[in-house]
Amino acid sequence: MNMRIVARLINLPENRGVRVETAAHPVLLVRVGDQVRAFEADCPHAGAPLEQGVICNGHIVCPWHKAAFAMDSGAVREPPALVGLKQYPVQVHDGVVSVGDTALCAEPTPLPHDSRCFAVIGAGAAGAAAVASLKRRGFTGRLLWIDREPNPAYDRTALSKFVIAGQMAADDTPALLDEAVVIHGEVQRLDAAAKRIELVDGRHFDYDAALVATGGDAQRLDIPGAVLNNVFVLRSRDDAARISAAAASATCAVIIGDSFIGLEAASALRQRGLVVQVVSRHAIPLAAQLGPRIGAAIRQLHEDHGVIFHSNTEPERLDGHGAVSTVLLKNGNRLAADLVLIGVGVQPATAFIDGVQKAEDHSLQVDAHLQAAPGLWAAGDNVTFAWQQHPTRIEHWRVAQQLGVLAARNMLGEAQTYADVPFFWTYHFDKTFELLGHPRHWNRLHLEGDLHHHDFIALLCHDDQVEAVIACEHQQAMADLSQRMQQPLGKAEALDIIRRR
Ligand SMILES: Cc1cc2nc3c(=O)[nH]c(=O)nc-3n(C[C@H](O)[C@H](O)[C@H](O)COP(=O)(O)OP(=O)(O)OC[C@H]3O[C@@H](n4cnc5c(N)ncnc54)[C@H](O)[C@@H]3O)c2cc1C
Ligand code: FES
């Protein structure tokens, strides 16, 4: 193997990775004492430059969506990455660091022969993370992975940011796994007592262990005109393809609902040149999740780009001949609309499950190990699980993946509980807002930076304890905090981390 000199040990700091270009590929050098490891330099999730992330708690943490990799082996520890970093051989002689051209082999060690059949229903965030985890752990039994979408296991988060903006074809939405083999079919019944899955087309499968990772169905509106053409919801790649096609010939769009997805869609369609109006029951978007100051700053960002808000109201009906042309609001206003996007939340997709306790919102109630019934686990948007002793349901991509990994490990016989930090990101007019934690009981907001220029980091504290952090343009500090918040974190310590980054 060719070894190439890439650096001097003396030039490598211990607290961050250093990117070096070799003839073959860029590598990330990570130093611990006199030892150096070399990994692929770009995050396998979406290509972030890992030298801009942090080294913390023995992990390399990605700056963009906070995937974490073991710094000794590159093994993936936290999604959204579903595979580890390729590792390259390193030699250090007389303070000179050389790296080999060919990655070390990282094949999983197969577990002993397993005659069980595992079923994973749903090939979204949670299902794909679970399947990746089962493969990584060397599961040798039969694996049935089922989804009702024809080409599932893609990055749903790109739909509202890039596909409907016309920047990415729906078919180019990034895939979640290489070589994914998914059975195409819709599950119409899961009999938890009999451990049997029945598909709409009559096929049926018996399982030893199953994971329900079916996410949610976008809610529609029960008002006159809701079935007109060009009235959309956004959950799947097909939804996004239809919205993008309609947007190509539209001049004005109305978004019903000021959820993250509604606002991401407002940003995407506005950047495409449409007149965009957002109708909302609230005065300030996202105030319930982020508080009024940050919600108001996000609204201002939209208004600065020409989005028009109609607050404290809701639609009475949609009018049009064949296709929608007008939205009549309860406050009497009429809005012209060539397309309407309804973004008023999702309902957990669990109607097909028999013999399992469901919460009022139709989500599955699971124990601390994500188990809903003997042999049955659940993960993702469709589950209410115990987090910090509270029943919690969280609709975040990375949380769904974390839960999927946890469920997979427990299907294999472990007894893991969720001890991770929820993370969410959202993208509006080229600004990425990030949220760590799950704000619930906070009573103090401490702001560093400038909210109105969208360069800030805000601590949402319960007294002096950090409950959540929201930031824009502070990806490194957030990467650090994504690890530090795994333990209780006081405000003073958090500020120290932020000011050092
Ligand atoms: C447009 C959009 C943008 C988003 N952006 C972000 C973001 O930027 N950041 C973030 O943190 N979160 C984001 N989210 C939220 C995130 O995508 C969800 O939290 C996440 O997808 C939940 O994962 P899941 O596996 O529970 O469900 P899903 O990813 O929805 O996967 C569920 C799968 O189950 C399948 N399924 C359902 N019912 C059946 C059935 N009966 N039979 C067979 N298959 C079935 C579905 O076809 C689907 O493929 C976004 C969501 C959307 C819709
Ligand atoms: S690019 Fe690294 S986690 Fe997304």
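Read the numbers this way: they start at 1 and go in the same order the structure lists the ligands and their atoms. Starting from 1, each residue takes its place in the sequence as its number. Note that these values count all heavy atoms, side chains included, but never hydrogens, waters or copies made by symmetry.
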Next on the checklist: So is Ala213 touching ligand 1 or not, going by heavy atoms under 4.0 Å?
Outcome noted: yes
Item to check | Distance (rounded to the nearest 0.5 Å) between Asp361 CG and Thr384 OG1 | outcome: 5.0 Å
Checklist entry - Of the options Asn230, Val254, Val227, Ile223, which is the one that meets Leu318 in a side chain to side chain contact (heavy atoms under 4.5 Å, CB included)? => result Ile223
Item to check | Residue, atom name and distance, where the atom is the protein heavy atom closest to atom 7 (C) of ligand 1 | outcome: Trp425 O, 3.2 Å
Item to check | Carboxylate-amine/guanidinium proximity below 4.0 Å for Lys66 and Asp420 | outcome: no
Next on the checklist: Using 30° and 60° as the class boundaries, would you call the ring planes of His454 and Phe433 parallel, tilted or perpendicular?
Outcome noted: perpendicular
Item to check | Arg19 bridged to Asp42 by N-O distance under 4.0 Å | outcome: yes
Item to check | Sub-4.0 Å heavy-atom contact, Gly185 with ligand 1 | outcome: yes
Item to check | Approximate separation, where rounding is to 0.5 Å, of Ile294 CD1 and Gln289 CD | outcome: 11.5 Å
Checklist entry - Can you find a side-chain donor-acceptor pair between Ser236 and Asp238 that sits under 3.5 Å? => result no
Next on the checklist: Between Lys431 and Asp304, does any side-chain N to carboxylate O distance fall below 4.0 Å?
Outcome noted: no
Next on the checklist: Check the orientation of His302 and Phe309. Use parallel for under 30°, tilted for 30 to 60°, and perpendicular for over 60°.
Outcome noted: perpendicular
Checklist entry - Hey, does Asn382 come in under 3.5 Å of ligand 1, counting only N/O atoms on both sides? => result no
Next on the checklist: Just to confirm my output: which protein heavy-atom neighbour is closest to atom 44 (N) of ligand 1, and how far is it?
Outcome noted: Arg148 N, 3.1 Å
Item to check | Closest protein heavy atom to atom 31 (O) of ligand 1, given as residue, atom name and distance to 0.1 Å | outcome: Gly124 CA, 3.2 Å
Next on the checklist: Just by distance, no angles: are the side chains of Asn382 and Thr350 close enough, under 3.5 Å, to form a donor-acceptor pair?
Outcome noted: no
Checklist entry - Going by atom types alone, do Ser244 and Arg272 pair a side-chain donor with an acceptor below 3.5 Å? => result yes
Checklist entry - So is Glu186 polar-close to ligand 1, meaning N/O to N/O under 3.5 Å? => result no
Checklist entry - Which ligand 1 atoms are under 4.0 Å away from a heavy-atom of Ala400? => result 22 (C), 23 (O)
Checklist entry - Could an N or O of ligand 1 be found under 3.5 Å from any N or O of Leu234, whether backbone or side chain? => result no
Checklist entry - Can you check whether Ala126 has an N/O within less than 3.5 Å of an N/O in ligand 1? => result yes
Checklist entry - When you check the space around atom 4 (Fe) of ligand 2, which protein N, O or S atoms turn up under 2.8 Å? => result His45 ND1, His65 ND1
Item to check | Thr426 N/O to ligand 1 N/O under 3.5 Å | outcome: no
Checklist entry - Does Val187 reach ligand 1 with a nitrogen or oxygen that is under 3.5 Å from one of the ligand's nitrogen or oxygen atoms? => result yes
Checklist outcome for this item: For Gln371, the side chain to side chain donor-acceptor pair (under 3.5 Å) test, sequence neighbours excluded, returns none
Next on the checklist: Nearest non-hydrogen contact with atom 27 (O) of ligand 1 belongs to which option: Ser160, Gly215, Ala351?
Outcome noted: Gly215
Checklist entry - If you measure from each heavy atom of Lys161 to ligand 1, is any distance below 4.0 Å? => result yes
Item to check | Separation between CG of Leu28 and CD1 of Ile60, rounded to the nearest 0.5 Å | outcome: 5.5 Å
Checklist entry - Do other residues, nucleotides or ligands put more than 12 heavy atoms under 6.0 Å from the NZ atom of Lys358? => result yes
Checklist entry - What protein heavy atom sits nearest atom 29 (O) of ligand 1, and how far off is it? => result Arg156 NE, 3.0 Å
Checklist outcome for this item: Ranked by distance from atom 18 (C) of ligand 1, the top protein heavy atom is Asp381 OD2, 3.4 Å
Next on the checklist: For atom 52 (C) of ligand 1, what is the closest protein heavy atom, and at what distance to 0.1 Å?
Outcome noted: Ile261 CD1, 3.3 Å
